[in-house]
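I have placed the structure first, in the form of structure tokens, so that the comments after it can refer back to it.
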Amino acid sequence: MTRVAMREEGLLASVRDALCRAESPRIAMVRPCTGEEEKRAVSEVLDSGILAQGPAVRDFEKAFAAFCGVEHAVAVANGTLALHAALLAAGVGEGAEVVTTPFSFIATANAVLMAGARPVFADVDPVTLNLDPESARSAVTPDTCAILVVHLYGRPCPMDAFRSLAQETGARLIEDACQAHGAEHRGRRAGALGDMGCFSFYATKNMTCGEGGMITTDDGEAASRVARLRFHGQEPGGRYVHRELGYNYRLTDVAASIGLCQLAKLPAMNGIRAGNAAIYDRLLGGLPGLEIPVRQDGIVHAYHQYTVRIRESLFGLDRDGLARLLRGLGVETGIHYPLPLHIYPQFRSLGYAWGDFPRAEQASREVLSLPVGPHLGADEVEYVAACIREVARRVAP
Ligand SMILES: *Cc1c(COP(=O)(O)O)cnc(C)c1O
């Protein structure tokens, strides 16, 4: 056994002792919250005989547009395709540049490549880890066609600054809101904060239909363009009239019927997330070397993730060490994300290297996401926090 492993074994035993737990509970990062409503909705769709895109997709789009406070919502098969279609509808293509963050899920920047364009990364804000408007400004060139912001972990970006930047440069402003269902910025919901918003309903998101996606916009032309792209470029109502290359990005009625149930539950599910986050804030705030997510006026965080930062020199243990100890105590955690995007081969080959975005790179070594979803009761969240406090007390330098 290595010295580190021996130290961790000893720590685990003493934390278990302190918490008076013979056996650790099992606390998962995610569990989709579906129930009888979803089952009933799916079986109604099966009975209807319309399984592919049909009336349930239309109802889901209507309800989602109303929820976000936009004119139009167009459902697609997943969030990645929502981004791809939105970028194409924004005029992004061969030779264009899209300014975006290097600290996100890889789909954000992959969608730019899928559109044939070049992702131009700019560093993140050191506190929120969202794309920093000033860094984004210095990444803009005459070829910039769009700015693609990501509301990371469910925290809306500073959209006033991004709207000004988009206006000054003539770029389209696209929100990757795949983690931000129901998040708010000065009273407006994510998806209504730029020219177009893109959502995912993947199984781990704040609301799910297994796989699914949505584009939201007030721009009628953009909405019809995405609707065409979703169906092989077919004109609305013009069967077999295809004026441009399109794809099959359709959502099924089976999925949409689940999505409708989940949308109805979203405010309650987000409420539980917020309550769980408040427990962490209270119990973890002020621990040396552990930074909790900052609270900001005018911002409603959707807490898709509750992500803390571990500063090893102050905390006394590095992020990975804490994650291993928590696993030993029955607590699953996540790392969002272990590598900044510019380091992956498909972006690195565009000329990026380590050192280009120091704030994103540092974050990738320090972030740790704690379980916060609506599948958790307050007692479970309190257990996670107690584990961390007991570890912190013992490792503090
Ligand atoms: C989940 C996610 C996506 C992709 O959505 P899929 O439905 O999995 O394709 C894109 N961007 C971000 C930030 C995400 O979290």
Side-chain angles (χ1 to χ4, degrees), residues 41-42 44-96 98 107 110-117 145-146 148 170-178 191-192 194-201 209-260 263:
V42 167
E44 275 169 24
V45 168
L46 293 177
D47 289 341
S48 79
I50 303 174
L51 305 191
Q53 183 181 307
V57 166
R58 272 198 304 279
D59 291 348
F60 186 28
E61 290 173 336
K62 253 203 190 130
F64 201 78
F67 176 79
C68 292
V70 294
E71 292 288 319
H72 311 277
V74 180
V76 292
N78 61 58
T80 307
L81 301 181
L83 289 164
H84 183 219
L87 287 165
L88 294 178
V92 171
E94 214 67 53
V98 176
N110 275 353
V112 177
L113 292 183
M114 286 164 67
C145 185
L148 175 56
R172 302 301 296 271
L173 182 56
I174 302 176
E175 304 170 72
D176 180 337
C178 289
D195 295 311
M196 276 178 271
C198 302
F199 290 86
S200 163
F201 307 117
C209 46
E211 297 266 12
M214 193 78 81
I215 296 120
T216 53
T217 185
D218 280 325
D219 177 345
E221 236 167 86
S224 8
R225 179 91 195 284
V226 245
R228 285 201 305 275
L229 290 167
R230 166 175 72 176
F231 194 170
H232 295 292
Q234 181 172 280
E235 292 295 316
R239 206 159 181 214
Y240 300 119
V241 182
H242 307 276
R243 295 195 209 280
E244 65 167 330
L245 172 66
Y247 307 91
N248 173 0
Y249 283 180
R250 293 183 303 265
L251 186 72
T252 66
D253 261 27
V254 177
S257 71
I258 300 173
L260 268 166
L263 181 59

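Please read these numbers as outputs of a predicted model, since none were measured by experiment. Heavy atoms only: backbone and side chains are in, while hydrogens, waters and symmetry mates are out.
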Between Cys145 and Ala90, the two heavy atoms sitting closest are SG-O, 3.8 Å
Leu148 vs Leu83, test: side chain to side chain contact (heavy atoms under 4.5 Å, CB included). Steps then yes/no. CA-CA 9 Å; Leu148 175 56; Leu83 289 164; 3.9 Å; yes
Assess whether side chain to side chain contact (heavy atoms under 4.5 Å, CB included) is satisfied between Glu211 and Phe201, documenting all intermediate values. CA-CA 6 Å; Glu211 297 266 12; Phe201 307 117; over 6 Å; no
State the CZ-CD distance between Arg239 and Gln234, to the nearest 0.5 angstrom. 7.5 Å
Any Val98 side-chain heavy atom under 4.5 Å of Leu87 side chain: yes
Atom of Cys209, atom of Gly212 and distance for their closest heavy-atom approach: SG-CA, 4.1 Å
Taking all non-hydrogen atoms of both residues into account, name the closest pair between Leu81 and Ala77 and its distance. CD1-CB, 4.1 Å
Between His84 and Val76, is the side chain to side chain contact (heavy atoms under 4.5 Å, CB included) condition met? List the steps. CA-CA 11 Å; His84 183 219; Val76 292; over 6 Å; no
Let me confirm one number: the CZ-CG distance from Arg58 to Asp253, rounded to the nearest 0.5 Å. 8.0 Å
Table please: side-chain donor-acceptor pairs of residues 222-229 below 3.5 Å, with sequence neighbours left out.
unit_1 : atom_1 : unit_2 : atom_2 : d
Ser224 : OG     : Gly220 : O      : 2.8
Arg225 : NE     : Glu244 : OE1    : 3.4
Arg225 : NE     : Glu244 : OE2    : 2.8
Arg225 : NH1    : Leu88  : O      : 3.0
Arg225 : NH2    : Glu244 : OE1    : 2.8

What's the shortest heavy-atom distance between Ala85 and Ile215, and which atoms? CB-CD1, 4.2 Å
Quick check: does any side chain N or O of Glu175 sit under 3.5 Å from a backbone N or O of Gly194, one acting as donor and the other as acceptor? yes
Ala192: which residues meet the side chain to side chain contact (heavy atoms under 4.5 Å, CB included) condition with it, sequence neighbours left out? Val70, Arg188
Test of understanding: with side chain to side chain contact (heavy atoms under 4.5 Å, CB included), list the residues that count as partners of Arg243, not counting sequence neighbours. Glu235, Val241
Of all heavy-atom pairs between Ala82 and Cys198, which one has the smallest distance, and what is that distance? O-SG, 3.6 Å
Pair Phe67, Leu263 - check side chain to side chain contact (heavy atoms under 4.5 Å, CB included), show working. CA-CA 8 Å; Phe67 176 79; Leu263 181 59; 3.8 Å; yes
Donor-acceptor contact below 3.5 Å, side chain Thr216 vs main chain Ala73: no
How close do Ala56 and Ser257 get, counting heavy atoms only, and between which atoms? CB-N, 4.2 Å
Residue pairs meeting side-chain hydrogen bond (donor to acceptor under 3.5 Å, both in side chains), one or both in residues 63-80, sequence neighbours left out, come to none
Under 3.5 Å: donor-acceptor pair, side chain of Asp195, backbone of Ile174: no
With the side chain counted from C-beta on, respond yes when Thr252 and Leu51 share a heavy-atom pair under 4.5 Å apart, and no when they do not. no
Return all side-chain donor-acceptor pairs below 3.5 angstrom for residues 59-66, not counting sequence neighbours, or 'none' if the list is empty.
unit_1 : atom_1 : unit_2 : atom_2 : d
Glu61  : OE2    : Ala75  : N      : 2.8
Glu61  : OE2    : Arg230 : NH1    : 2.9

Contact list for residues 218-242, test ring-ring contact (aromatic ring centres under 6.0 Å, His included), sequence neighbours left out: none
